[in-house]
2 protein chains.
Amino acid sequence: MTTPQLTKNQSLVFDVLEKAEGPLSAYTILDKLRDHGFRAPLQVYRALEKLLEYGVVHRLESINSFVACAHPGENCHSHGIVAFAICESCGQVMEFHDHEVDHRLMAWVRGQKFKPEKTTIEIRGLCEACAA
Amino acid sequence: MTTPQLTKNQSLVFDVLEKAEGPLSAYTILDKLRDHGFRAPLQVYRALEKLLEYGVVHRLESINSFVACAHPGENCHSHGIVAFAICESCGQVMEFHDHEVDHRLMAWVRGQKFKPEKTTIEIRGLCEACAA
DNA sequence: CAATTGATGTAATAACATAACATTTGCAAT
DNA sequence: ATTGCAAATGTTATGTTATTACATCAATTG
């Protein structure tokens with residue numbers, strides 16, 4: 001499954017996220033795109049919806065923000081569950097994957113006959129630089 | 001660390017959550033407590049803040065809702081990372097703990113010298129009954 | 001060209017959360 | 001008992017995040 005050609009709005013939103021230092025809220029993205037004609041939140045949310053679907057952007061549930069996938073070119077959906085470490089001081093996000101974690105979680109849900117659709121793993125804390 | 005005596009508002013909020021079938025939003029809790037004199041969101045959020053601190057209530061980040069801890073009497077904070085399976089159809093929540101998952105995640109953050117404060121693991125999908 | 005589909009534009013509103021400030025309550029120290 | 005403090009509460013207003021509803025536009029296809 002490859003990423004389709006992005007539309008104009010999708011490209012604009014994606015570019016903003018890619019150039020950002022860290023995660024951005026939808027409204028922050030909106031503000032950054034006012035000059036490009038964006039006027040309403042929905043323009044951002046609709047683009048984000050597609051970008052999430054394509055796996056090129058992640059949503060950070062615990063901080064209501066969005067971040068470009070750390071694996072440009074690859075399809076993140078194929079890496080198993082994505083985990084994030086989010087620095088509460090500087091906002092920097094580290095993305096990682098751990099197959100053993102995936103395996104344990106999936107073993108648990110299988111035991112419950114639970115059918116997983118979307119899994120969130122987010123660790124909030126302080127990055128090395130900020131903890132010092 | 002034992003749970004202190006709850007205040008009036010804290011007790012009211014906690015009782016609502018305990019009697020609920022599943023997670024509730026802060027505003028749903030507010031509505032259920034109008035008869036008991038609640039008028040403003042802050043009354044709910046302030047109580048929730050304490051209940052979260054005491055570990056008797058959990059916040060589900062991915063659905064902006066709150067749920068009573070599944071281990072009444074025990075202190076949930078001592079169980080390590082709490083994970084949730086949330087049924088998107090019926091809203092039911094299952095709470096579980098997996099020490100191996102904790103171990104893997106903590107090993108990863110240690111490697112990054114990241115200092116974790118709060119970790120979220122939420123699996124959304126369909127429970128056995130709803131998947132049928 | 002008509003019909004369908006997906007993308008976009010716009011306004012309004014819903015849902016979630018906090019800031020700021022005033023007041024009250026519980027309780028320890030004197 | 002009274003003072004002083006910390007925690008809890010009450011209230012209004014506002015800030016932030018997300019969606020509904022409806023109109024329009026563009027590309028594709030039968």
Side-chain angles (χ1 to χ4, degrees), chain A residues 1-17 20 22-54 56-67 86 88 91 118 120 122 124, chain B residues 1-17 20 22-54 56-67 86 88 91 118 120 122 124:
Chain A
M1 196 201 36
T2 182
T3 303
Q5 182 64 34
L6 299 184
T7 67
K8 179 160 154 287
N9 285 3
Q10 288 160 18
S11 294
L12 288 167
V13 169
F14 183 67
D15 287 350
V16 166
L17 282 174
L24 302 178
S25 76
Y27 279 74
T28 301
I29 296 169
L30 174 57
D31 286 340
K32 287 180 182 293
L33 289 174
R34 298 245 182 232
D35 293 345
H36 291 78
F38 274 46
R39 321 274 337 192
L42 211 50
Q43 295 175 285
V44 176
Y45 282 110
R46 285 202 278 230
L48 286 171
E49 183 178 27
K50 289 297 181 183
L51 296 171
L52 290 167
E53 183 184 322
Y54 302 153
V56 297
V57 161
H58 300 291
R59 178 195 184 99
L60 302 176
E61 306 280 3
S62 63
I63 56 173
N64 297 319
S65 295
F66 304 85
V67 69
I86 307 166
E88 307 205 279
K118 177 80 173 69
T120 296
E122 295 176 17
R124 292 181 303 300
Chain B
M1 191 194 52
T2 181
T3 304
Q5 183 64 34
L6 299 184
T7 67
K8 180 160 156 286
N9 285 3
Q10 289 162 17
S11 294
L12 287 167
V13 169
F14 183 66
D15 287 351
V16 165
L17 282 173
L24 301 177
S25 75
Y27 278 73
T28 302
I29 296 169
L30 174 57
D31 286 340
K32 288 181 183 292
L33 289 174
R34 298 243 183 235
D35 294 346
H36 292 78
F38 274 46
R39 322 270 341 199
L42 254 193
Q43 294 176 285
V44 176
Y45 282 109
R46 286 203 276 229
L48 286 172
E49 183 179 26
K50 288 297 182 183
L51 296 170
L52 290 167
E53 183 184 322
Y54 302 154
V56 298
V57 161
H58 300 293
R59 177 192 183 100
L60 302 176
E61 307 279 3
S62 63
I63 57 172
N64 296 319
S65 294
F66 303 85
V67 70
I86 305 166
E88 307 205 277
K118 175 80 172 68
T120 296
E122 296 177 16
R124 292 180 304 298

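A, B, ... follow the sequence lines: proteins, then strands. Residue 1 opens every chain.
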Whole-Å distance between [N] [atom2] and [X] [atom1]?
X        : N       : atom1 : atom2 : answer
Leu12(B) : dA8(D)  : CG    : P     : 15 Å
Glu49(B) : dT9(D)  : CD    : C1'   : 13 Å
Gln43(A) : dC22(D) : CD    : C1'   : 15 Å
Leu30(B) : dG10(D) : CG    : P     : 12 Å
Leu6(B)  : dA7(D)  : CG    : P     : 17 Å
Leu42(A) : dC22(D) : CG    : P     : 14 Å

I need the full list of salt bridge (Lys or Arg N to Asp or Glu O under 4.0 Å) pairs touching residues 23-37 of chain B, with sequence neighbours left out, sorted by first then second residue.
Asp31(B)-Arg34(B)
Tell me every residue that passes side chain to side chain contact (heavy atoms under 4.5 Å, CB included) with [X], counting only those two or more places apart in sequence or in another chain.
X        : value
Ser65(A) : Pro23(A), Ser25(A), Ile63(A)
Arg59(A) : Leu52(A), Glu61(A), Asn64(A), Phe66(A)
Glu88(A) : Arg124(A), Glu117(B)

Please test Gln10(B) against Leu51(B) for side-chain contact (heavy atoms from CB on, under 4.5 Å), starting from the C-alpha separation and ending with a verdict.
CA-CA 7 Å; Gln10(B) 289 162 17; Leu51(B) 296 170; 4.3 Å; yes
Min side-chain heavy-atom separation [X]-[Y] under 4.5 Å:
X        : Y        : result
Leu6(B)  : Asn9(B)  : no
Leu60(B) : Ile86(B) : yes
Val67(A) : Leu17(A) : no

Please list each protein N or O that sits under 3.5 Å from an N or O in nucleotides 16-18 of chain D, with the distance.
unit_1  : atom_1 : unit_2   : atom_2 : d
dA18(D) : OP1    : Arg59(A) : NH2    : 2.1
dA18(D) : OP2    : Tyr45(A) : OH     : 2.9
dA18(D) : O5'    : Tyr45(A) : OH     : 3.3
dA18(D) : N7     : Tyr27(A) : OH     : 2.6
dA18(D) : N6     : Tyr27(A) : OH     : 3.0

Where along residues 32-39 of chain B does a heavy atom come under 4.0 Å from DNA chain D, residue by residue in number order?
Arg39(B)
Is there a donor-acceptor pair closer than 3.5 Å between any side-chain N or O of Thr28(A) and the backbone N or O of Leu24(A)?
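It does not hold such a pair.
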Sidechain-backbone polar pair: Glu122(A) side chain, Ser62(A) backbone, donor-acceptor under 3.5 Å:
yes
For Arg46(A) and for Ala47(B), locate the closest nucleotide of DNA chain D by heavy-atom distance; then report the residue assigned to the nucleotide nearer the 5' terminus.
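Going by which nucleotide is closer to the 5' end, it is Ala47(B).
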Between which nucleotides of DNA chain C, 5' to 3', does chain B make heavy-atom contacts below 4.0 Å?
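For DNA chain C, the relevant span reads dC16(C) to dA20(C).
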Quick one, Glu53(A) with Lys50(A), criterion salt bridge (charged side-chain N to carboxylate O under 4.0 Å, His left out). Give me CA distance, side-chain angles, the key distance, then yes/no.
CA-CA 5 Å; Glu53(A) 183 184 322; Lys50(A) 289 297 181 183; 3.8 Å; yes
